Amino acid sequence: MWKVQLFKLNFDEKEAQAVQDVISSGWITMGEKTIEFESRFAELIGSDVETIAVSNGTAALHLALLALGIVPDDEIIIPSLTFVADINVVRMLGAKPVLADCTSYDDWNISPNDIERKITPRTKAIMIMHYGGYPCEMDLILKLCKKHKLYLIEDAAHAPYSKYRGISCGAMGDIGCFSFFTNKNLSVGEGGMVVTCSNDLAEKLKYLRSHGMTTLSYDRHKGRAISYDVIQPGLNYRIDEMRSALGIVQLDKLPEAQYQRKVLVEDYIDKLGNIDGINIPFLYQLDNIDYRPSYHIFPILLDEGIDRLKLIESLKKEGIQSSIHYPVLQEFAAYKNKGLTETPIASAISARELTLPLYPTMTKDEVDLVLEALKKGIS
Ligand SMILES: *Cc1c(COP(=O)(O)O)cnc(C)c1O
């Protein structure tokens with residue numbers, strides 16, 4: 001149906017073989033493949049992080065808040081231009097989400113200045129999201145956390161390859177959360193990873209992931225344990241071996257896939273130069289050694305006069321799929337009129353944002369198709 005899809009899986013026989021091997025091995029729940037996936041992901045992140053693989057990115061965020069001891073009425077500062085999982089997990093714990101605005105029309109990440117304005121004596125944590133895999137201004141954010149003694153959770157769902165001043169996104173806060181959902185840079189269908197540099201938190205996270213139990217069925221299968229105790233309440237947020245095996249293959253492919261994404265984004269940017277009405281965010285991060293973005297998506301900001309709905313329809317007619325990242329959280333029925341503060345820059349960006357197709361196997365000819373359709377739709 002689409003000439004150019006928003007996203008395409010980067011899968012081949014290698015993924016199929018990896019899943020087949022797990023099935024043939026006779027052990028499909030969390031075991032050796034998961035241990036390997038966790039240690040390979042730790043290598044990618046570096047900084048001596050501990051890694052805890054989980055069933056999805058939302059589970060990762062939920063576990064992060066639980067491990068940090070967030071309780072009802074604690075205030076958590078989050079961006080308003082983010083995926084809804086961030087506010088959902090805060091609300092599911094009965095905690096209070098406090099929304100902070102974007103920094104500017106060039107930097108769509110959460111504004112450190114606005115974070116500081118929103119801090120109160122009830123603030124317990126800041127949850128940031130590296131939009132599109134473009135790192136947040138971490139020096140400023142870490143300074144705030146230190147000054148006000150706040151926990152920092154990084155929603156790094158877009159940022160499994162991103163670095164800020166040489167350090168991986170997800171490894172700078174207390175806990176980092178990754179998603180391996182289908183359309184993420186590293187896809188396994190449903191999967192996620194929690195990372196932390198704290199041994200204490202890692203231990204808590206492991207208990208929370210698996211019913212608070214002291215041993216896994218894998219240890220009992222291997223004869224390493226006979227029984228188990230439950231030392232705290234917990235959940236079942238485990239990943240399975242098929243997903244972990246897919247994750248390992250996807251990790252092998254990541255550097256090449258990231259290179260392709262970068263080449264495509266540079267091609268987009270070069271060619272967009274001669275289309276009026278289009279603005280590109282985060283340009284300050286390109287060719288700047290302080291930042292290594294993961295190019296998770298390719299977002300553009302339309303000039304105010306452009307009718308976005310009409311443009312999306314016109315792109316669709318040309319076979320080009322596009323998307324919006326994101327409606328601001330205040331717009332959803334669940335969060336409308338719930339006393340959340342306004343975030344004017346985020347709202348303006350959200351109303352004019354358009355995400356164009358981007359995936360590692362995309363060709364430059366496909367970039368041209370997208371841009372021809374875009375030109376046509378705007379004029
Ligand atoms: C995908 C995503 C999540 C949630 O991850 P799931 O694996 O789909 O649960 C959270 N935050 C952001 C920014 C995301 O893009």
Side-chain angles (χ1 to χ4, degrees), residues 6-7 9 34 37 41 51-66 76-93 97 99-100 102 108-110 125-136 141 152-162 169-170 172-173 175-195 205 208-209 235-240 242-244 246-247 250 261 281-282 293-299 323-329 331-332 334-335 343 346 349-350 353 355 358-359:
L6 193 63
F7 172 79
L9 276 177
T34 302
F37 182 36
F41 199 78
T51 42
I52 299 103
V54 293
S55 39
N56 59 66
T58 308
L61 292 163
H62 191 200
L63 289 188
L65 294 177
L66 287 169
I76 318 289
I77 298 175
I78 65 174
S80 66
L81 190 70
T82 187
F83 183 59
V84 72
D86 290 356
I87 190 167
N88 279 346
V89 291
V90 171
R91 284 303 302 142
M92 289 305 285
L93 283 174
L99 302 187
C102 299
W108 297 3
N109 282 322
I110 191 166
I126 301 169
M127 186 189 283
I128 60 168
M129 196 276 276
H130 305 285
Y131 183 104
Y134 294 98
C136 296
I141 291 169
L152 181 62
I153 301 160
E154 292 178 78
D155 177 346
H158 293 187
Y161 201 72
S162 303
C169 287
M172 290 176 276
I175 299 183
C177 300
F178 292 86
S179 164
F180 309 131
F181 180 66
T182 305
N183 64 10
K184 300 288 161 51
N185 288 34
L186 200 156
S187 6
V188 309
E190 298 282 0
M193 191 77 74
V194 191
V195 316
L205 288 161
L208 286 165
R209 168 178 66 176
L235 296 153
N236 174 6
Y237 279 167
R238 293 184 303 256
I239 194 168
D240 63 41
M242 285 77 76
R243 265 63 172 244
S244 292
L246 288 173
Q250 287 276 292
R261 285 177 184 274
F282 296 108
S294 70
Y295 307 102
H296 170 53
I297 51 174
F298 187 68
S323 177
I324 295 168
H325 288 87
Y326 294 94
V328 284
L329 298 175
E331 278 179 33
F332 293 114
Y335 297 112
T343 47
I349 290 170
S350 172
E353 193 272 345
T355 304
L358 179 66
Y359 49 89

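Quick caveat: nothing in here was measured; it's all calculated off a predicted structure. Each ligand, and each atom within it, is numbered from 1 in the order the structure gives.
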Nearest protein heavy atom with distance in Å, relative to atom 15 (O) of ligand 1: H158 NE2, 3.0 Å
Write out the residue and atom name of the closest protein heavy atom to atom 2 (C) of ligand 1, then the distance separating them to 0.1 Å. K184 NZ, 2.8 Å
Polar atom proximity, E190 to ligand 1 (N or O, under 3.5 Å): no
Are S187 and Q250 packed together at the side-chain level, in the sense that at least one heavy-atom pair is separated by less than 4.5 angstrom? yes
Please identify which atoms of ligand 1 are closer than 4.0 Å to at least one heavy atom of G57. 5 (O), 6 (P), 7 (O), 9 (O)
If you scan protein heavy atoms around atom 3 (C) of ligand 1, the nearest is F83 CD2, 3.6 Å
For ligand 1, is there an N or O atom under 3.5 Å from any N or O atom of A157? no
Is the distance between the ring centroids of F83 and F181 under 6.0 Å? no
Name the option, out of F181, Y326, Y131, that contains the heavy atom nearest to atom 8 (O) of ligand 1. F181
If I take atom CG from residue N88 and atom CG from residue L329, how far apart are they, to the nearest 0.5 angstrom? 8.5 Å
So, do L81 and E353 sit near enough that their side-chain heavy atoms are less than 4.5 Å apart? no
Holding to salt bridge (charged side-chain N to carboxylate O under 4.0 Å, His left out), I want the full list of residues that pass it with R209, two or more places apart in sequence or in another chain. E38
Separation of W108 CH2 from Y326 OH (nearest 0.5 Å): 11.5 Å
Which atoms of ligand 1 are found less than 4.0 Å from any heavy atom of N56? 7 (O), 9 (O)
Considering only heavy atoms from C-beta outward, does the side chain of L65 approach that of M92 to under 4.5 Å? no
Closest protein heavy atom (residue, atom, distance) for atom 13 (C) of ligand 1: D155 OD2, 3.4 Å
State whether the shortest distance between N or O atoms of T58 and N or O atoms of ligand 1 falls below 3.5 angstrom. yes
